[in-house]
Student: 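One structure is given below, represented as structure tokens, and several questions about it will come after.
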Amino acid sequence: MTVPKALDAPYDAPRIFGPAYRTATLGILLVVTLVAFEGMSVSVIMPQVSKDLRALDLYGVSFSAFFIASLFANVVAGLWADRRGYALPFLAGLGIFVLGMALAGAATGKEMFLLARAVQGLGAGPTVVALYVMIARVYPQDVRPRVFAALSAAWVLPSMIGPSVAGFVAQFDWRWVFYGIIPLVVPALLMLAPSLRRPMDDHEPATGPRSRPAAMTVAATATATGSGVLLYGIERLDASPVAGAVWSLLGLAALGYGLGRLLPPAALRFGRGLPTTVMMRGLFSAAFFGVNGFIPLALTDVKGFSVAQAGLALTTGALGWSAGSYLQSRREIEPHRRIRTGAACVTLGILLAVPAVVPGVPGWIAVPAWIVAGFGMGLAMATINVTALRQSPVNEQGANSASLSVTDMLGAALALGIAGALSNLIGHTPDQIAVGFAVICGLMALIGLAATFLAARVAAPAT
């Protein structure tokens with residue numbers, strides 16, 4: 001008699017919560033949950049922070065400080081991960097993030113709080129990039145879609161309870177919103193310890209322009225500085241059009257110089273394959289978050305919703321996002337088709353949200369609209385992440401993970417900046433806010449429509 005060979009048995013992909021990957025998966029999800037909770041909570045407690053620190057202009061500046069610092073750190077972390085492995089950038093990033101949380105909790109003035117936000121960005125950027133590389137190195141290729149689906153799900157709980165918990169805690173002392181996250185880092189580190197001790201894969205070091213630390217650091221500095229100057233110029237366009245235009249052009253020039261060196265070759269031209277895959281992340285973030293940031297303003301000032309009621313639309317968007325991400329992990333469809341479907345859903349959701357500010361139409365129509373848009377984001381964003389890693393050589397996974405984060409943050413930040421400038425230009429009465437919201441939705445729907453047509457270029461060129 002012969003013993004059946006293992007090759008004769010049907011292949012069953014390992015489960016992300018099975019014995020081999022359970023602790024790594026739980027650790028990754030806990031880290032993402034902590035970062036997500038911090039992001040969802042800051043906007044809720046900002047009024048109280050601004051009051052206590054006597055700084056009414058903290059809103060925009062605090063988010064910009066986080067974004068610019070994170071953008072720079074993403075690139076450095078990607079280089080580090082490709083050259084030395086993901087463990088060091090992950091540990092350094094998480095440690096810096098914790099330091100930023102402690103500084104924010106201890107802030108006694110505006111300057112210290114802004115510094116804390118920048119430090120948080122310096123830590124959050126490397127942490128997320130290192131997690132992406134960790135997923136690529138620890139999990140088999142056919143399991144990664146499930147991991148990214150779980151990452152999307154990890155945003156749901158913070159989206160649902162984060163604002164409420166942060167608001168409740170802030171009634172007593174907003175500082176504990178930051179302090180309370182710090183102890184939860186310890187169990188995450190314990191769960192990820194085996195994965196962090198994993199030896200680096202044996203591969204040739206990366207070569208080419210994006211593997212040169214000095215050149216990439218200069219490019220990251222130009223991109224971060226350029227984006228900050230561009231956002232500053234856009235904000236000034238309403239009050240001082242000439243000065244705002246000059247600052248915007250200077251920022252755009254620095255941004256173009258940096259991006260051309262940070263992203264894969266031909267990315268700015270939407271070259272087929274990886275270049276378009278990376279750029280699609282930015283298009284999706286721009287279209288979705290450009291509207292997402294103005295839904296609460298539109299519902300509260302135009303329709304008279306409470307803050308909690310307006311936040312419900314954003315929560316349902318997170319639920320749709322999780323559902324879309326789960327579906328992409330279960331259906332075998334060509335990636336560019338999933339991305340195209342996701343872009344169509346985002347575009348449709350944005351257009352369905354416009355009637356929420358029309359007189360006589362219930363504002364609650366924003367809820368199903370944002371479920372549709374969130375579903376499209378979940379379907380496409382997880383697919384983009386998985387596809388980018390599949391299209392990347394092992395020694396460039398860190399650089400390309402950083403590129404995904406760069407386009408993601410740039411897309412959202414620039415869309416919000418332009419949308420804010422349009423809102424300021426149109427006006428802030430309820431009727432003007434309604435018009436501004438419709439204009440913003442129209443602009444972001446055009447971006448979503450462009451993503452729908454460009455999705456076919458995600459497929460690699462025929463050889």
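Predicted model only: the values in this text are computed from it and were never measured.
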Student: I need the minimum non-hydrogen distance between S423 and F294, along with the two atoms involved.
Tutor: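 For S423 and F294, the tightest heavy-atom pair comes out as CB-CE2, 4.1 Å.
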
Student: If you take all heavy atoms of I433 and A298, which pair is closest and at what distance?
Tutor: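 Smallest interatomic distance, heavy atoms only, reads CG2-CA, 4.2 Å.
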
Student: Is there side-chain contact between M381 and F288, with at least one heavy-atom pair below 4.5 Å?
Tutor: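 No, too far: nothing below the 4.5 Å cut-off.
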
Student: Report yes if some heavy atom in the side chain of V218 is under 4.5 Å from a heavy atom in the side chain of Y257; otherwise report no.
Tutor: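 Yes, at least one pair of side-chain atoms sits under 4.5 Å.
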
Student: When you measure from the side chain of S285 to the backbone N and O of G282, does any donor-acceptor pair fall under 3.5 Å?
Tutor: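 Such a contact is absent between S285 side chain and G282 backbone.
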
Student: Check whether any side-chain N or O of T407 sits under 3.5 Å from a backbone N or O of L404 as a donor-acceptor pair, and report yes or no.
Tutor: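 Flag set: sc T407 to bb L404 pair under 3.5 Å.
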
Student: Output yes when a side-chain donor or acceptor of S70 lies under 3.5 Å from a complementary backbone atom of F66, and no otherwise.
Tutor: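 Here the side-chain-to-backbone pair does not exist.
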
Student: Rounded to the nearest 0.5 Å, what separation is found between the CG atom of L34 and the CG atom of L29?
Tutor: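 Interatomic distance, L34 CG to L29 CG, rounded to 0.5 Å: 11.0 Å.
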
Student: Restricting to non-hydrogen atoms, name the atom on G363 and the atom on L299 that form the minimum distance, rounded to 0.1 Å.
Tutor: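 Heavy-atom minimum between the residues: O-CD2, 3.7 Å.
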
Student: So, does R457 use its side chain to make a donor-acceptor pair with the main chain of F270 at under 3.5 Å?
Tutor: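 Looks like yes, one N/O pair under 3.5 Å.
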
Student: Provide the closest heavy-atom pair for G271 versus T276 in the form atom of the first, atom of the second, distance.
Tutor: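 What the structure gives for the nearest pair is O-OG1, 2.7 Å.
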
Student: Between CD1 of I384 and CZ of R338, what distance do you get to the nearest 0.5 Å?
Tutor: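 Between atom CD1 of I384 and atom CZ of R338 there are 11.0 Å.
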
Student: Using a 3.5 Å cut-off and no angle test, enumerate the donor-acceptor pairs between side-chain atoms of residues 344-353 and protein atoms at least two apart in sequence or in another chain.
Tutor:
from: T347; atom 1: OG1; to: A343; atom 2: O; distance (Å): 2.8
from: T347; atom 1: OG1; to: G448; atom 2: O; distance (Å): 3.3
from: T347; atom 1: OG1; to: L449; atom 2: N; distance (Å): 3.4

Student: Nearest 0.5 Å please: distance from the CG atom of L379 over to the OG1 atom of T341.
Tutor: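 Separation between the atoms: 6.0 Å.
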
Student: Counting only N and O atoms by type, is there a donor-acceptor contact under 3.5 Å from the side chain of T277 to the main-chain atoms of A388?
Tutor: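 No, because the side chain of T277 does not come within donor-acceptor range (under 3.5 Å) of the backbone of A388.
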
Student: I'd like to check H336 versus T387 (side-chain heavy atoms, cut-off strictly below 4.5 Å). Are they in contact?
Tutor: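 With C-beta onward as the side chain, the pair stays apart.
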
Student: Quick one: do R261 and T223 satisfy side-chain contact (heavy atoms from CB on, under 4.5 Å)? Show the steps, please.
Tutor: CA-CA 9 Å; R261 288 153 178 78; T223 301; over 6 Å; no

Student: Would you give me the side-chain donor-acceptor pairs under 3.5 Å for residues 101-108, sequence neighbours excluded?
Tutor:
none

Student: Side chains of M280 and L283: does their closest heavy-atom pair fall under 4.5 Å?
Tutor: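 They are in contact (side-chain heavy atoms under 4.5 Å apart), so the answer is yes.
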
Student: Run the side-chain contact (heavy atoms from CB on, under 4.5 Å) check on W370 and I295 step by step: do they pass?
Tutor: CA-CA 10 Å; W370 225 232; I295 286 178; 3.6 Å; yes

Student: Rounded to the nearest 0.5 Å, what separates atom CG in L115 from atom CD in E111?
Tutor: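 So the gap between those two atoms works out to 10.0 Å.
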
Student: Which pair of non-hydrogen atoms, one from L230 and one from S248, has the smallest distance, and what is that distance?
Tutor: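 Residues L230 and S248, closest heavy atoms: CD1-O, 3.4 Å.
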
Student: Where is the tightest heavy-atom contact between I339 and F284, given as atom of each residue plus distance?
Tutor: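 Looking at all heavy atoms of both residues, the shortest contact is O-CZ, 3.5 Å.
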
Student: Okay, side chain of T383, backbone of P335: is any donor-acceptor separation there less than 3.5 Å?
Tutor: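 Answer holds: no.
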
Student: Once you measure the plane-to-plane angle for W321 and F289, does it fall in the parallel (<30°), tilted (30-60°) or perpendicular (>60°) bin?
Tutor: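 Rings of W321 and F289: tilted, 30 to 60°.
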
Student: Give a yes or no on whether the backbone of V361 and the side-chain of K303 come within a donor-acceptor separation of less than 3.5 Å.
Tutor: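 Confirmed, K303 side chain pairs with V361 backbone.
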
Student: For the atom pair CD1 (I28) and CG (L30), what is the distance rounded to the nearest 0.5 Å?
Tutor: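 With rounding to 0.5 Å, CD1 (I28) is 11.0 Å from CG (L30).
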
Student: Restricting to side chain to side chain contact (heavy atoms under 4.5 Å, CB included), what partner residues turn up for D173, sequence neighbours left out?
Tutor: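 Residues passing side chain to side chain contact (heavy atoms under 4.5 Å, CB included) with D173: R175, W176.
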
Student: Should I135 and N385 count as side-chain neighbours, where that means a heavy-atom distance under 4.5 Å?
Tutor: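 Side chain of I135 against side chain of N385, heavy atoms only: no contact under 4.5 Å found.
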
Student: Going through the checks in order, is the side-chain contact (heavy atoms from CB on, under 4.5 Å) test met by L410 and L259?
Tutor: CA-CA 10 Å; L410 268 180; L259 275 181; 3.5 Å; yes

Student: I'd like to know whether I365 forms a side-chain contact (heavy atoms from CB on, under 4.5 Å) with V358, so could you lay out the CA-CA distance, the side-chain angles of the two residues, the decisive distance to 0.1 Å, and finally the verdict.
Tutor: CA-CA 11 Å; I365 196 173; V358 173; over 6 Å; no

